[in-house]
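Read through the structure below, which is laid out as structure tokens, and then see the notes.
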Amino acid sequence: MILAVLFVFLASTLNHRIDAAECHGKPDGNAQPNSNPIYSQAPRLVKTIGNGKHYTVGNEQDSFDIIHVWGSPYMMGRAHGLLMGEKAKNMVDAVWEYMENQIIDPINKTVHLQEWFLKDVADFGLDAALDLELLATKRHTGSYFFEEAMGLSDAAGIDYQKILRIHMIGELTKGSCSMIGAWGSSLKTPNSLLQLRALDWAVDGPFKDFPQVTVYHPTNSSNGHAFANFGWTGWIGSITGMNSRQMAISEIGVSFPDETFGKESRFGVPFTFLLRDILQFDNTLDDSIKRISDASRTCDLILGVGDGKDRRFRGIQYSASVANFYTDSDLKPEATWHPKINDTVYYGMDWLCPGYSQVLARQLQTYHGQLTPELVATHVVPIVQTGNLLVAVYDLTKNMALLSNARASYESGPANAYDRQYVQLNMTELFNERPPNTIVF
Ligand SMILES: *[C@@H]1O[C@H](CO)[C@@H](O)[C@H](O)[C@H]1NC(C)=O
Ligand SMILES: *[C@@H]1O[C@H](CO)[C@@H](O)[C@H](O)[C@H]1NC(C)=O
Ligand SMILES: *[C@@H]1O[C@H](CO)[C@@H](O)[C@H](O)[C@H]1NC(C)=O
Ligand SMILES: *[C@@H]1O[C@H](CO)[C@@H](O)[C@H](O)[C@H]1NC(C)=O
């Protein structure tokens with residue numbers, strides 16, 4: 001049986017390609033700026049344990065958790081599980097249930113699962129299909145990931161395999177997101193680097209109920225340096241975040257590629273782990289360029305990596321076949337709806353996506369020379385209507401971040417993150433958080 005499954009699995013190919021199609025959506029022409037004041041008060045301490053601390057930050061209707069974890073990968077996962085316990089378990093269960101519903105009820109399907117995955121599910125069931133995916137990516141996954149998942153599992157009483165399985169969801173779906181890297185003449189403060197990560201994905205799903213910033217403080221340098229994951233409770237892959245080397249990551253799922261992308265593959269490193277490796281281990285943009293060039297890449301994406309130390313940003317065309325690194329002067333794709341803008345790299349929602357890209361370009365041109373993280377949050381993102389689930393804007397020179405999350409089921413106000421209140425985070429302070437004096441290595 002296992003052999004037969006493996007055979008079918010290995011024989012499946014991924015040449016499926018929608019040629020020359022473009023995305024159809026565009027923002028509402030009446031979209032309004034985000035007029036909420038930015039929340040800038042300090043996080044409030046909730047709890048301290050042996051290897052971790054729990055804070056909350058933000059107003060009642062726009063708050064999220066911040067946890068700090070110290071130690072080995074296992075001990076950091078354990079601290080996460082001890083601090084967040086039931087909430088982490090609920091998150092993992094909710095994502096699992098969400099994935100099941102997406103498959104059982106295609107009419108209500110709101111995330112687009114990869115065709116080959118749906119076929120695996122039809123043939124073998126959801127558990128086995130996810131286990132095949134884990135098998136296809138295991139060799140490319142850092143051992144720290146499995147150790148951390150074990151610590152989380154032990155401390156929060158969550159099935160270990162279930163934690164691994166839900167982490168495959170990023171690889172199986174395509175969000176349509178946006179990014180900006182801006183520096184020099186585009187900014188109000190020219191000697192700085194600004195980066196946007198807008199996540200458009202599954203606002204109907206469970207993620208919006210579990211916003212969390214997880215600040216990792218590895219105690220052995222073989223496990224990298226301090227970094228912060230902006231994501232969700234119980235989630236240990238990276239969708240965005242910043243590290244203590246003034247670097248940040250952005251990502252867009254590409255559903256409308258052109259022929260320059262070549263092939264996709266299902267064998268390789270899940271992108272949420274690759275992005276995490278960048279945050280955790282890379283010291284410079286060049287480290288990340290090498291990592292991405294050398295990686296066993298999988299699906300079609302656009303990645304963004306910024307380095308505030310020398311104010312450089314690259315937008316990366318990413319697939320199994322190619323890794324191309326673009327800056328402002330050689331930005332691709334070349335199209336009238338994607339004009340080159342000095343000292344700016346940008347992508348709106350997809351690779352071939354005129355409707356969103358031209359509104360993003362227009363906002364960036366309008367505010368060229370005046371851009372600040374606040375202006376991106378108030379006058380760019382809400383007009384482009386991008387970042388329904390999460391928006392992060394980084395000032396990689398000042399070590400500041402703005403973070404907004406979608407309306408949780410227990411909150412009121414506008415549904416989308418881009419219309420809600422931002423919380424300002426002083427990343428220098430987060431990375432310098434004093435460890436509890438009870439820490440175990
Ligand atoms: C599908 O969506 C409809 C309308 O929102 C809802 O009534 C129904 O319960 C959903 N089905 C499932 C299985 O979630
Ligand atoms: C750090 O990790 C390395 C590699 O796992 C190990 O050899 C070393 O003993 C560790 N150092 C400390 C201080 O634990
Ligand atoms: C872009 O920058 C170049 C060199 O700094 C300058 O010559 C050019 O006029 C700028 N273009 C625009 C549209 O600002
Ligand atoms: C962030 O916190 C550090 C340490 O407290 C402080 O020196 C710095 O000025 C703060 N940054 C901003 C932009 O407020």
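Heads up: numbering here begins at 1 and tracks the sequence. Every heavy atom of this structure was used, including side-chain atoms; hydrogens, water molecules and symmetry mates were not. What you see is a predicted model, and the numbers here were worked out from it, not measured in a lab.
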Minimum side-chain heavy-atom gap [X]-[Y] below 4.5 Å:
X      : Y      : result
Met247 : Leu279 : no
Asn34  : Val381 : no
Ile49  : Thr438 : no
Val376 : Leu194 : yes
Trp337 : Leu360 : no
Pro27  : Tyr356 : yes
Leu275 : Leu303 : yes
Glu22  : Cys353 : no

Examine distances only and state if a side-chain atom of [X] and a backbone atom of [Y] form a donor-acceptor pair shorter than 3.5 Å.
X      : Y      : answer
Lys332 : Trp351 : no
Gln195 : Gly181 : no
Arg407 : Ser412 : no
Thr386 : Ala198 : no
Lys26  : Ser357 : no
Asp330 : Thr327 : yes
Asn416 : Asp419 : no
Asp209 : Ser409 : yes
Gln424 : Leu402 : no
His80  : Gly234 : yes

Answer yes if the side chains of [X] and [Y] hold a donor-acceptor pair under 3.5 Å, and no otherwise.
X      : Y      : result
Gln212 : Thr233 : yes
Gln421 : Asn59  : yes
Asp65  : His54  : yes
Asp343 : Ser185 : yes
Thr284 : Asp307 : no
Trp183 : Ser192 : no
His379 : Gln32  : no

Distance-only donor-acceptor pairs under 3.5 Å for side chains of residues 37-45, two or more places apart:
{"from": "Tyr39", "atom 1": "OH", "to": "Arg44", "atom 2": "NH1", "distance (Å)": "3.1"}
{"from": "Arg44", "atom 1": "NH1", "to": "Gly58", "atom 2": "O", "distance (Å)": "3.4"}
{"from": "Arg44", "atom 1": "NH2", "to": "Thr56", "atom 2": "OG1", "distance (Å)": "3.4"}
{"from": "Arg44", "atom 1": "NH2", "to": "Gly58", "atom 2": "O", "distance (Å)": "3.1"}

Parallel, tilted or perpendicular: rings of [Y] and [X] (30°, 60°):
X      : Y      : value
His167 : Phe273 : tilted
Phe207 : Trp235 : perpendicular
Tyr347 : His338 : tilted
Phe281 : Tyr144 : tilted

Mind checking the [atom1]-[atom2] spacing from [X] to [Y]? Nearest 0.5 Å is all I need.
X      : Y      : atom1 : atom2 : answer
Leu187 : Leu193 : CG    : CG    : 7.5 Å
Tyr367 : Leu371 : OH    : CG    : 9.5 Å
Tyr418 : Asp200 : OH    : CG    : 7.5 Å
Ser176 : Ile252 : OG    : CD1   : 9.0 Å
Asn229 : Ile236 : CG    : CD1   : 9.0 Å
Phe256 : Phe261 : CZ    : CZ    : 12.5 Å

* **Residue pair Lys188, Glu374: steps toward the salt bridge (Lys or Arg N to Asp or Glu O under 4.0 Å) verdict** => CA-CA 11 Å; Lys188 188 173 178 189; Glu374 294 73 18; over 6 Å; no
* Stepwise, does the side-chain hydrogen bond (donor to acceptor under 3.5 Å, both in side chains) test hold for Thr240 with Glu251? -> CA-CA 8 Å; Thr240 188; Glu251 176 269 339; over 6 Å; no
* **Test side chain to side chain donor-acceptor pair (under 3.5 Å) applied to Asp282 and Arg291, Lys290, His225, the passing residue** =>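 Testing each of Arg291, Lys290, His225 against Asp282, the sole residue satisfying side chain to side chain donor-acceptor pair (under 3.5 Å) is Arg291.
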* **Tyr216 ring center near Trp70 ring center (under 6.0 Å)** =>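 Here the rings of Trp70 and Tyr216 have centres that are no less than 6.0 Å from each other.
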Using a strict threshold of under 4.0 Å (side-chain N to carboxylate O), is an ion pair present between [Y] and [X]?
X      : Y      : answer
Glu171 : Arg266 : no
Asp287 : Arg245 : no
Lys340 : Asp328 : no
Arg420 : Glu411 : yes

* Show your reasoning for whether side-chain contact (heavy atoms from CB on, under 4.5 Å) applies to Val213 and Leu425. => CA-CA 10 Å; Val213 169; Leu425 297 171; 4.2 Å; yes
* Asked: Residues in salt bridge (Lys or Arg N to Asp or Glu O under 4.0 Å) with Glu429, at least two apart?
  ->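 For Glu429, no residue satisfies salt bridge (Lys or Arg N to Asp or Glu O under 4.0 Å) once neighbours in sequence are set aside.
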Would you give me the side-chain donor-acceptor pairs under 3.5 Å for residues 153-161, sequence neighbours excluded?
{"from": "Ser153", "atom 1": "OG", "to": "Ile158", "atom 2": "O", "distance (Å)": "2.7"}
{"from": "Asp154", "atom 1": "OD2", "to": "Tyr74", "atom 2": "OH", "distance (Å)": "2.5"}
{"from": "Asp159", "atom 1": "OD2", "to": "Lys162", "atom 2": "N", "distance (Å)": "3.1"}
{"from": "Gln161", "atom 1": "NE2", "to": "Asp131", "atom 2": "OD1", "distance (Å)": "3.3"}

* To do: Check step by step if salt bridge (Lys or Arg N to Asp or Glu O under 4.0 Å) holds for Arg312 and Asp286.
  => CA-CA 10 Å; Arg312 287 201 300 154; Asp286 291 327; 3.0 Å; yes
